[in-house]
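Quick notes on the structure that follows.
Order of the sequence lines fixes the chain letters, A, B, ..., with proteins taken first and strands second; residue numbering starts at 1 for each chain. Computed over heavy atoms, backbone and side chain alike; hydrogens, waters and symmetry mates excluded.
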Amino acid sequence: QAQEKQPILIGGTLGLTGFLSEGSADYKAVYDRWNDEVNKRGGLLGRPVKLVIYNDESTPAVAQSLYSRLLDQDKVDLLLAPFSTFVGGAVLPIVQSHNKLFFNGGFVSMAMFTNAKGSMIGTYMYQEPDYPRGLFEFIKSLPADKRPKRAAIFTYQSPFPIVVRDGYNGYGGALRFVKEAGIELVVNEQFPANTTDFNALVQKAKGANADMVLHIGQLNDSLQVARTIQQQDYKPAFFCTCGSPVTSIAAWAKLGAAAERAFSGTPAWPTQKHPGLVELSEFFKKERKQDTLPAYAIVAQTILQVIEQAVNGAGTLDQEKLREYIYKSEFKTASGNIRFQENGTPVYSQLLLQFQNGKNEVVFPAKDKTADAILP
Amino acid sequence: MGAQVLTVIIDGLLLGLIYAGIGLGLSLILGVMGVVNVAHSAFIMLGSYFAYELFRRAGIDPIISAALALPVFFLLGSVVYRTLITRVEFTGPTQGLIAMFGLMVLIENLGVIVWTTDARALTTHYTNTSFAIGPAVVAWVKVLAGGLALALIGAAWVFLHYTLTGRAIRAIGQDRDAAAVLGINVHQLLTILFGLGIACAGVAGVLLGMIYPFSPGGQVFWLAWAFLVVVLGGLGSVANTLVAGLVVGIIQTFAGAFVPFEFVYLILYTLLAVILIVRREGLTSVARRSI
Amino acid sequence: MNPALLEVDSVGKQFGGLVALSSVSFDVPRSSVVGLIGPNGSGKTTLLNVINGIYAPDRGSVVLDGVPTKNRSPSDLAASGVSRTFQNARVFSTLSVEQNLFIPLLHRSGGERAKSIKRADELLAFVGLEAHANKTAIELSGGQKRLLEFARALVTKPGLILMDEPFAGVHPQIKATLIRCIQEIVEREGASFLVVSHEVPDLVNLSNFMVCLVEGKVAAAGNPKDVVRNEKVIEGYLGQSDE
Amino acid sequence: MTISAPQLQIKGAVAGYTPAQQILKGVDIAAAPGKITVVLGPNGTGKSTLLKLVAGFVKASEGDVLLNGKNLNALPVHERLGEGIGLLPQGRSAFPDLTVEENIELGGWSLRSDRKRLREAVEAMFVRYPHLEKLRDRRAGTLSGGQQRAVEIARMLVSNPSVLLIDEPSVGLSPIVATQVYKELVELRDEGRTILLVDQDVRAAIKISDYVYVLTSGKNDIQGDRTAFEGDLGSIVRGWLGV
Amino acid sequence: MLSIFFVRKGGAEDRTLRLFGLVFCVLGLGALILYGAIGTKQGILSLLGTVFLYVTLTQAWNILGGYGGYLNFGTATFFGVGAYTTAVLFHHYGLSPFLTAPIAGVMAALLGVIVGVPTLRLRGAYFAIVTMIITFAVQIVVLNASITQGPMGIFLPPLKLSPLALERLFFFMFLGLAVVVTLLVYAIENSNFGWALVAVREDEDAAEVIGVKTTRIKYIANAVATFIIGIAGGIFAQRIMYLDPTTAFSFDISLNVVLMAVIGGAGTWQGPLIAAPLILVVADMLRVTFTSEVNRVIFSIVVIVIALYLPHGAMGFMTSLRQKYFKWRNPKTGDEVASA
Ligand SMILES: Nc1ncnc2c1ncn2[C@@H]1O[C@H](COP(=O)(O)OP(=O)(O)OP(=O)(O)O)[C@@H](O)[C@H]1O
Ligand SMILES: Nc1ncnc2c1ncn2[C@@H]1O[C@H](COP(=O)(O)OP(=O)(O)OP(=O)(O)O)[C@@H](O)[C@H]1O
Ligand SMILES: [Mg+2]
Ligand SMILES: [Mg+2]
């Protein structure tokens, strides 16, 4: 009896401090909310659920030792991935050596999913090479004279953004999309971590008359580039933060005029009314005082929904059985109804957001559109 | 080409002024007291949030906040000096380093508790505006911040070189006991100095907050710049801190314009290392007699 | 005939625009004490720094034992038997007195080192510091630091010892001891000293040869008694003695 | 310039750098008003410690320091200047990165509320020491040893202290300047200042002294006025002093 | 007098204490070996592995930084170069990092010598900050080089061992390294070389003048230190299995090493043995007890308290205890005293 009542432990880490803390905070909020709710619903398999989320300080080495601890000492039943590819890369080998399923709402990586041979279950609706895909599909839908002619790409020097730019094994990537769309690439620059001033980069794009700027980076640098572009009185028709989905983070709205018209991708949007999505959006409005729903929250919610449905559906915590169940079922989640492909990732789907008058609007694809894109 | 050079020079100078502003407080405290204030960036962070809160709650313009930050952070610095630094300073530079490191972690994480880790951006009505000098487009905020930094540096320079109190503070840095013998209240003046150093950090924080988005953990990246400027300028020398800031700013923007961006920092670091190695004590490089 | 132990040949040294030494020449013969006097700022310390390899001379040369010392580092010269003391005693402040004496012996080996250790003990007794052997050097009084430095300069049995005001602030009785010590070393070991001091009467007694620098130039050189009677020296340096 | 001469008394002072080890073990010294009182003794007996005690760097665990009857024990260093105490420390203490002028100006820190007087006092020093005039804008750290000593003396005098604690004033000074310094001390006394002088130049010190103490191993055991030291008692003590 | 050749501070009591210390160390080491062999908690094994890694790094830093007084804020440079050396050799030639770790040491030492020639002429804060800058510069080179796969980093496949065996392996690797390095530092402390370094720290000019070949001494110390750091980095690459420029050249590594050395008491071989476990275990305990930023707040307070109440590091504290209870002479003075 007492054994039965032992809580189910779900463990993972997040960079609650350090440079990944921004996105991590969104994850944490969703995790905590779900933990409360799932227990209100009676837990999983009749047992209460306890999330054990450590702070990895945005440091891979720390995350490694914490995962080691989660697996070995805390003996968690289910394992959540950390936030960001940067940390995830270091953790994956440890997880694999323990033969655990890795529930990954935290990061994308074609390479790692391939490498994990299906033992990693991801809920990002698209992997790195597809990050800019939404934007280019949208561009293809435009009349020829509205399309951009000259592109500038800024890429953060980190594994994830590089793949966003270059694609994976000959598939996807911003460079390929630009070429296929017949756009001339006039600036292709990288910037290292801790870059504090982006004036030089923006000057280059401006000097080259680029009417499209793809910024493939993270939050802080995206904010700065947006602001610098505005201050330089430079008006590229297409400005996309094609790295992380940062326009849906609270800080974006604070930029004022500089935030306007920026494009960004997201896996889903509350207007799609996927299961739990509207409530999640309400929760962020009420509890986090955040008008817009961060994409991170959607992915986090999705992985938890997958876990919940899988455990209840398979009726066990046995990793093999869970795996079997996951690959043959369809999941009803905040990101829509999803099925997992062989490598553990869902089928591609993306919405393109544009920041208009202080909020995000879905501008593509047409069926989910909430507003028309504003183009000069 | 000519237009580009003009842009690069203007940008470099403005950036340089800001770097000098960031380095100033660090330089004063390191030069006079020998304390490596790694918490400098934490006070910069507080400065940014100081401006942010004043703007958000009371609509106070950051330019005014910069002035308000002076007394507020001066007081804060004095308190830190009296409670923490006096107790570690005598036991050698490394002890001060540990204490300041602790303080940095403390402030940063208290900052996270108070403000969360979310990035903030301070957007006033002039934040997104700019003006043109010939072909160069210059952001107003940078001009304002650069001007304020210059004023701060000028004031510090006048204070340290042209007032007796300032000279006394420099004297303390060179021989504390000899200064005491002359009737100088060392404890009091060091409190002032530390207060000033922190005030400079606070103002620098306001200035950075005007230009760049910030978060509690993010301002630490500026620390590297501050250190760069300080060593390049030579410890405790205000005028050279300014020159060093400008040198760094100009090198950075020139490199930024003419080489791939990923090599900008490499070029910058290499040049700085070369300058330091050739001139040993940075731009100061006075032939100090030690023998 | 052996050349002199040290030949200083038209040495010049400038600091920026300031000419600290211009064309200074003199010899330090073997087994002798050369006194170096001169007003404040006349370049005495600078000269020691040049001989010692701390500064490279702008002009001229320094020849030790017939070999020019050009580009040799102070430690290298120390290995060839040049040692010195500083005008402001520089001791290793967190080391004990005996550890201070031990540092110069680091590059000595075996038997030689054992001998040197014996010598260190003697020297310590000589300068009256044996009771303080275990004290940390920072705890010594001003004069004691100087004595320690004196001893430290001699433990390795150097051939040429440069001393910058060894008697300043030293108690008269100990000063007499130091002078005796110097004389004995010159006699017994054939070492040579170049001593800077403002205590002219003592220096006159001690040295075989004297050089007076004024504004970086040799104003007088020769027999000590003659040098101190030289008008230029009296006028520029000694002043009218009222005794 | 005349000054109302104060009297300085050290009564039964026990003091040291660590509680475990006392350097002064019951010292009784009185510096008579308007007189030069000399303290002699071998290296390391605590003469400098005595001056540091009066200046406030070292705290007495027993005994008192009295100035005109006022107990100074609780006053911190910087306030003692206000009581008229000036100290010339042993060794080097000029501020190396300040110019000579700035150094001297800081000596007048206590006059800072009256800028005009301060300026005058500083200029008076350049009149008093003309050889410093041409060094006015040099950084003190680039001066020769003796030049720095002169700066320190001038710096001490700017604030016009009435009690002077002087530790080995002539060390490193050329004879001509040293003679001048001793003359100066006499003048300063004649202006009515009380001087406590510690010196290893025994002969010069006794010559200008009014009263002499000899400090050995932390206690003052011999004392007398100048005549005693130059006269009969002198011959006994002199042997000991090694003059 | 001869005593100083054998012990730093003379006296018979000292020798008993030293014996005591020796026994303590041997017992401690025995206990660790035993735990490494039979312990099954991977988390603890892994934590201890990290502790040994940092003991190694801190000891190596200690050689030039503690004894020689040159505060190096660039440990990460050599650590990263070591790590990348083995990773690159593995990636391109399939050589196991355990085999190539010595090459990693050599590469790091080589770089140490190259950057040492100009930087070791700088003193004080200048040296410290330039070493920090060099880390950034090297990091950028690695970030943009193709042989290192730039920002993509290098994966090293996990060894074919169970997770527990893996932890145990690295536990012993780093323990061995730590023991060897500690012995080396102990030997240095009591050698001519160590004395020469101390002389450099106390007064470099005076040391040079009395015949200490300061330049050579500094180079050698630097080369030895960087060699060790490089080896540690090389093994670390295999342990972390995924190497990228940010991790390998993290400034945190440099800073932690300095903090540990100073908190333990720079220039003592015991210091790192005390401080590395202290800091890492406290940080780890806090991390798992408080899962939010509160853990860092408490950690920072601990650090501040250490700074305030252990003015000469843990070893200084031990020395003062020893003096208090053994009534020995006092080697340090109250520092507030005038040096005039
Ligand atoms: N490193 C230096 N930088 C600038 N000037 C210097 C330096 N070293 C010495 N000088 C100058 O060179 C001159 C000679 O100085 P030096 O120390 O050799 O004099 P000195 O004869 O030893 O005097 P003293 O008897 O006072 O010690 C002085 O004017 C001094 O100011
Ligand atoms: N900072 C210090 N810490 C500990 N002990 C000290 C310190 N300074 C001096 N001492 C000790 O105090 C004693 C007296 O020193 P003091 O400097 O007063 O001697 P002194 O009489 O001035 O000698 P000298 O003529 O050599 O200057 C010495 O034995 C010395 O070892
Ligand atoms: Mg001299
Ligand atoms: Mg003395």
Which value, rounded to the nearest 0.5 Å, describes the distance between B:Phe101 atom CZ and E:Ile263 atom CD1?
8.0 Å
Would you check, one step at a time, whether the test side chain to side chain contact (heavy atoms under 4.5 Å, CB included) holds for B:Val105 with E:Val303?
CA-CA 9 Å; B:Val105 178; E:Val303 171; over 6 Å; no
Atom CZ in E:Phe299, atom CG in B:Asn109: separation rounded to 0.5 Å?
10.5 Å
Between E:Val115 and chain B, which part of the residue has a heavy atom less than 4.5 Å away: side chain, backbone, both or neither?
neither
Which one, E:Val302, E:Ile140, E:Ile134, leads in non-hydrogen pairs under 4.5 Å with chain B?
E:Ile140
Side-chain heavy-atom pair B:Leu97, E:Val262 within 4.5 angstrom cut-off:
no
So do E:Val297 and B:Ile113 actually touch side chain to side chain, heavy atoms under 4.5 Å?
yes
Which pair of non-hydrogen atoms, one from B:Glu262 and one from E:Asn144, has the smallest distance, and what is that distance?
CG-OD1, 3.1 Å
Per-residue tally against chain E (heavy atom, under 4.5 Å) across B:Val112, B:Val230, B:Ile107 peaks at B:Val112
Heavy atoms from other residues, nucleotides or ligands near CE of B:Met100 exceed 12 (cutoff 6.0 Å)
yes
What option among E:Ile133, E:Thr119, E:Val258, E:Val141 has the most heavy-atom pairs under 4.5 Å with chain B?
E:Ile133
For the CE atom of E:Met132 and the CG atom of B:Leu228, what is their distance to the nearest 0.5 Å?
6.5 Å
Look at the aromatic rings of E:Phe136 and B:Tyr269 and report parallel, tilted or perpendicular, splitting at 30° and 60°.
tilted
Do the side chains of E:Tyr309 and B:Arg87 get nearer than 4.5 Å, heavy atoms only?
yes
Measure E:Leu255 against the heavy atoms of chain B and call it side chain, backbone, both or neither at under 4.5 Å.
side chain
B:Gly102 and E:Ser300: which non-hydrogen atoms are nearest, and at how many Å?
O-CB, 3.2 Å
Closest approach of E:Ala125 and B:Leu30, non-hydrogen atoms and distance?
CB-CD2, 4.2 Å
